[in-house]
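What follows is a set of notes on a single structure, which appears directly below.
Being a predicted model, the structure only gives us computed values, none of them experimental. Numbers here simply count residues along the sequence, with the first being 1.
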Amino acid sequence: VQLQAFGGGLVQSGGSLRLSCSSSGRTFSTYIMGWFRQAPGEEREFLVAITATFSTYYADSVKGRFTISRDNAKNTVFLQMNRLNPEDTAVYYCAAKRGRVLPITGGYEYWGQGTLVTVSS
């Protein structure tokens with residue numbers, strides 16, 4: 001499985017961005033898809049995930065501002081990010097795994113290359 005993330009860029013504080021992550025392979029619908037981010041000097045942080053049955057899990061830091069969705073026909077998962085603030089500046093990664101849903105924050109087998117999101121104040 002190869003993942004490719006798109007949609008990063010520069011946005012002003014309070015603005016929105018929509019990230020996309022496309023996947024190769026014919027079994028995309030069976031994967032649990034997640035989004036993570038890593039800010040400079042920080043550890044990678046789990047943000048949100050969506051299961052094959054469309055259950056969603058959100059980290060407290062993004063709950064109410066970020067929304068994950070998936071389009072299995074297009075082998076793509078999306079991350080809609082609203083009310084962005086400078087603390088959201090990071091490289092954002094999509095990831096995929098199969099098997100056990102929990103722990104939702106770990107066990108991801110495949111990773112995209114990351115897309116940089118910069119939020120200016």
Side-chain angles (χ1 to χ4, degrees):
V1 174
Q2 290 186 322
L3 303 176
Q4 220 168 0
F6 302 94
L10 175 64
V11 63
Q12 287 188 330
S13 184
S16 298
L17 274 178
R18 188 193 197 203
L19 305 183
S20 302
C21 174
S22 62
S23 170
S24 65
R26 295 180 288 181
T27 58
F28 173 79
S29 64
T30 66
Y31 282 85
I32 299 162
M33 301 299 298
W35 285 97
F36 294 74
R37 69 185 178 190
Q38 188 167 20
E42 303 288 335
E43 293 188 354
R44 188 169 57 198
E45 174 190 12
F46 167 81
L47 300 177
V48 60
I50 186 167
T51 70
T53 56
F54 295 85
S55 295
T56 57
Y57 299 80
Y58 289 89
D60 289 343
S61 59
V62 302
K63 197 174 295 182
R65 298 191 299 127
F66 291 10
T67 303
I68 190 171
S69 60
R70 66 191 301 163
D71 185 338
N72 290 335
K74 296 182 179 179
N75 281 13
T76 302
V77 62
F78 303 98
L79 181 63
Q80 177 67 43
M81 305 186 294
N82 298 327
R83 305 202 315 271
L84 287 162
N85 58 66
E87 289 70 37
D88 295 315
T89 294
V91 177
Y92 284 68
Y93 299 90
C94 59
K97 68 173 180 176
R98 286 194 294 187
R100 299 180 66 176
V101 173
L102 300 178
I104 196 65
T105 58
Y108 289 83
E109 306 163 78
Y110 307 100
W111 293 84
Q113 85 286 4
T115 185
L116 176 63
V117 172
T118 303
V119 184
S120 62
S121 57

> Do F28 and T76 come within less than 4.5 Å of each other through their side chains, counting heavy atoms only?
Replying inline: no
> Once you round to the nearest 0.5 Å, how far does CG of N75 lie from CD of Q4?
Replying inline: 13.0 Å
> Do the charged groups of E45 and R37 touch, with an N to O distance under 4.0 Å?
Replying inline: yes
> Does F46 belong to the same Ile/Leu/Val/Met/Phe/Trp/Tyr cluster as F78, with side-chain heavy atoms less than 4.5 Å apart forming each link?
Replying inline: no
> If two hydrophobic side chains count as joined below 4.5 Å and joins carry through other members, does I68 share a cluster with V62?
Replying inline: yes
> Is there a chain of hydrophobic side chains (I, L, V, M, F, W, Y, each step under 4.5 Å between heavy atoms) that links F36 to L116?
Replying inline: yes
> Who passes side chain to side chain donor-acceptor pair (under 3.5 Å) against K74, sequence neighbours left out?
Replying inline: none
>> Just to verify, what does T53 make a side chain to side chain donor-acceptor pair (under 3.5 Å) with, not counting sequence neighbours?
In response: T51
>> Donor-acceptor check, side chain of E109 to backbone of A96, threshold 3.5 angstrom: yes or no?
In response: no
>> Quick check: do R44 and W111 have side-chain heavy atoms less than 4.5 Å from each other?
In response: yes
>> Testing the basics here: between L3 and V1, what is the closest heavy-atom pair and its distance to 0.1 Å?
In response: CD2-CG1, 3.8 Å
> How about M81 and D88: do any of their side-chain heavy atoms sit closer than 4.5 Å?
Replying inline: no
Using atom types as modelled, flag every donor-acceptor pair under 3.5 Å from a side chain in residues 12-26 to any protein atom, sequence neighbours excluded.
residue	atom	partner	partner atom	Å
S16	OG	N82	OD1	2.9
S24	OG	Q2	N	2.9

> In Å and rounded to the nearest 0.5 Å, what is the CD to OG distance from E87 to S121?
Replying inline: 9.0 Å
> Is the closest side-chain heavy-atom distance between V48 and F66 below 4.5 Å?
Replying inline: no
> In terms of hydrophobic clustering (I, L, V, M, F, W, Y; side-chain heavy atoms under 4.5 Å; direct or indirect links), are V77 and I32 co-clustered?
Replying inline: no
> Between the side chains of N72 and R70, is a donor N or O closer than 3.5 angstrom to an acceptor N or O?
Replying inline: yes
> Would you say L47 and Y92 make side-chain contact, with heavy atoms under 4.5 Å?
Replying inline: yes
> Any idea how Y110 and Y31 line up, ring-wise: parallel (<30°), tilted (30 to 60°), or perpendicular (>60°)?
Replying inline: perpendicular
> What's the shortest heavy-atom distance between Q38 and E42, and which atoms?
Replying inline: NE2-O, 3.0 Å
>> Minimum heavy-atom separation for R65 and R83, please, with both atom names.
In response: NH1-O, 3.0 Å
> Any side-chain heavy atom of R98 within less than 4.5 Å of one from T27?
Replying inline: yes
> Should Y108 and Y93 be counted in the same cluster of Ile, Leu, Val, Met, Phe, Trp and Tyr side chains packed under 4.5 Å apart?
Replying inline: yes
> Under a 4.5 Å cut-off applied to non-hydrogen side-chain atoms, are T105 and Y57 in contact?
Replying inline: no
